[in-house]
Amino acid sequence: MGYNVVDIIDKAIGILRKRIEAYKKVEKENEDIPYIKIISKVILKQAYGTLEHYEKFKSMVDNDEAEEIDFRTYDRISFLVNQFNQRIYSLEFTSAREYFVNLIDFQKDVCSLYIDIQGRLVKDEGNMHKVTYELMGKMIEYKTSQIKALEEVLKKKLKN
């Protein structure tokens, strides 16, 4: 059996789990700073919610229905994800605003990665109506809505 969208979702879950650990570390290292503790709790709650969504996306896939991703395409996608995972995202900040900006930048990079992956799945117009393409679209929509919500918080609550 080859690769399918479940394998891609598993890679997305891997990125998310790595980031959750980073947020937990920030929370633990800064537990005496109230705004970091509060923001970290909110971010972790959101991250766990995203994890649930990704698991739900996986459960929506009937392996018989999901088209196989050719090895070459999957290899390129794996390479992209591995490169993404090797990037260093600083979690150094001096204010709640900086923390949110960092978070938004990371979320935008994740969304860009998903868009890149979705684009690599398209070989012809027919691919745009397949399960893999549509699920990647749902992941992009979900990530975009998270970014918009974070930007609203930044705009309304953290003006400075």
Side-chain angles (χ1 to χ4, degrees), residues 1-28 38-89 91 99-157:
M1 185 173 140
Y3 300 104
N4 66 26
V5 69
V6 171
D7 299 298
I8 295 172
I9 296 170
D10 282 337
K11 291 210 170 278
I13 289 171
I15 291 170
L16 184 56
R17 287 190 191 282
K18 184 176 176 183
R19 197 60 178 190
I20 286 172
E21 291 308 311
Y23 293 139
K24 285 180 177 178
K25 183 178 177 187
V26 166
E27 181 183 30
K28 185 176 172 94
I38 291 168
I39 293 171
S40 293
K41 284 194 182 305
V42 170
I43 290 170
L44 282 166
K45 183 177 178 182
Q46 180 190 36
Y48 285 118
T50 300
L51 200 56
E52 286 178 26
H53 267 79
Y54 290 176
E55 292 293 344
K56 184 175 89 175
F57 291 150
K58 277 176 56 173
S59 70
M60 291 168 58
V61 176
D62 177 0
N63 282 329
D64 296 332
E65 186 180 291
E67 60 281 350
E68 192 171 303
I69 299 170
D70 67 89
F71 178 76
R72 187 175 166 167
T73 301
Y74 185 77
D75 188 49
R76 285 189 211 142
I77 290 168
S78 289
F79 179 75
L80 281 175
V81 172
N82 290 338
Q83 275 188 316
F84 184 87
N85 279 328
Q86 289 176 5
R87 287 186 197 165
I88 308 238
Y89 285 92
L91 284 174
Y99 195 7
F100 260 79
V101 168
N102 176 292
L103 175 64
I104 291 168
D105 288 346
F106 177 78
Q107 296 299 334
K108 285 180 178 179
D109 286 349
V110 170
C111 191
S112 295
L113 175 67
Y114 293 173
I115 290 168
D116 191 353
I117 290 170
Q118 186 185 42
R120 290 174 190 270
L121 296 169
V122 177
K123 303 290 186 222
D124 58 52
E125 194 175 315
N127 291 111
M128 296 171 62
H129 305 290
K130 293 191 174 178
V131 171
T132 302
Y133 185 87
E134 290 176 4
L135 269 176
M136 287 305 301
K138 288 180 182 188
M139 290 174 68
I140 292 165
E141 285 174 21
Y142 184 75
K143 187 59 61 186
T144 301
S145 70
Q146 287 181 317
I147 293 167
K148 286 180 183 175
L150 290 168
E151 288 175 333
E152 282 299 309
V153 169
L154 184 63
K155 186 173 148 184
K156 290 180 180 178
K157 305 284 185 196

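Just so you know, these numbers use all the heavy atoms, side chains as well, and skip hydrogens, waters and symmetry mates.
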**Q** Take V101 and D105, measure what side-chain contact (heavy atoms from CB on, under 4.5 Å) needs, and give me the verdict at the end.
**A** CA-CA 6 Å; V101 168; D105 288 346; 3.8 Å; yes
**Q** Is it true that, when you exclude R72 itself, more than 12 heavy atoms of the residues, nucleotides or ligands shown sit nearer than 6.0 Å to its CZ?
**A** no
**Q** For the residue pair L113 and D109, establish whether any side-chain heavy-atom pair is separated by less than 4.5 Å.
**A** no
**Q** Can you see which heavy atom on A47 is nearest to which on I20, and at what distance?
**A** CB-CG1, 3.6 Å
**Q** CG/L51 to CD/Q46 distance, rounded to the nearest 0.5 angstrom?
**A** 12.0 Å
**Q** What heavy-atom pair brings L80 and R120 nearest, and what distance separates the two atoms?
**A** CD1-NE, 3.1 Å
**Q** Go through the steps for L135 and I8 under the test side-chain contact (heavy atoms from CB on, under 4.5 Å), then give the verdict.
**A** CA-CA 10 Å; L135 269 176; I8 295 172; over 6 Å; no
**Q** CD1 of I9 to CE of M60: how many Å apart, nearest 0.5 Å?
**A** 8.5 Å
**Q** Looking at side-chain heavy atoms only, is the closest gap between R19 and V110 below 4.5 Å?
**A** no
**Q** Any sub-3.5 Å donor-acceptor pair from D116's side-chain atoms to S112's backbone N or O?
**A** no
**Q** Just verifying a value: how many Å separate E134 CD and Q118 CD, rounded to the nearest 0.5 Å?
**A** 10.0 Å
**Q** Locate the shortest heavy-atom distance separating F100 from L150; write the atom from each residue and the value.
**A** CE2-CD2, 3.6 Å
**Q** In the structure I gave you, are the side-chain heavy atoms of Y142 and K138 within less than 4.5 Å of one another anywhere?
**A** no
**Q** Would the distance check show the side chain of E151 and the main-chain N or O of I104 forming a donor-acceptor pair, the cut-off being under 3.5 Å?
**A** no
**Q** Just verifying a value: how many Å separate E52 CD and F57 CZ, rounded to the nearest 0.5 Å?
**A** 12.0 Å
**Q** For side-chain contact (heavy atoms from CB on, under 4.5 Å), just list the numbers for I15 and F106, CA-CA rounded to whole Å, side-chain angles, deciding distance to a tenth of an Å, and then say yes or no.
**A** CA-CA 11 Å; I15 291 170; F106 177 78; 4.1 Å; yes
**Q** Keeping K11 on the side-chain end and V81 on the backbone end, is there a donor-acceptor pair under 3.5 Å?
**A** no
**Q** Just wondering, more than 12 heavy atoms not from K18 lying within 6.0 Å of its NZ?
**A** yes
**Q** If you measure from OG1 on T144 to CE on M139, what distance do you get to the nearest 0.5 Å?
**A** 11.5 Å
**Q** Can you find a heavy atom in the side chain of I39 that is under 4.5 Å from one in the side chain of V26?
**A** no
**Q** Between Y23 and Q107, which heavy-atom pair has the shortest distance, and what is it?
**A** OH-NE2, 4.3 Å
**Q** Which pair of heavy atoms, one from K143 and one from T50, lies closest together, and at what distance?
**A** NZ-CG2, 4.3 Å
**Q** Does K24 come within less than 4.0 Å of E21, counting only side-chain N to carboxylate O?
**A** yes
**Q** Between the side chain of D7 and the main-chain N/O of N4, is any donor-acceptor distance below 3.5 Å?
**A** yes
**Q** With distance as the sole criterion, is a donor-acceptor pair present between the side chains of Y99 and S40 under 3.5 Å?
**A** yes
**Q** Looking only at heavy atoms, which two atoms of D10 and K58 are closest? And how far apart?
**A** OD1-NZ, 2.7 Å
**Q** Distance from L121 atom CG to M136 atom CE, nearest 0.5 Å?
**A** 6.5 Å
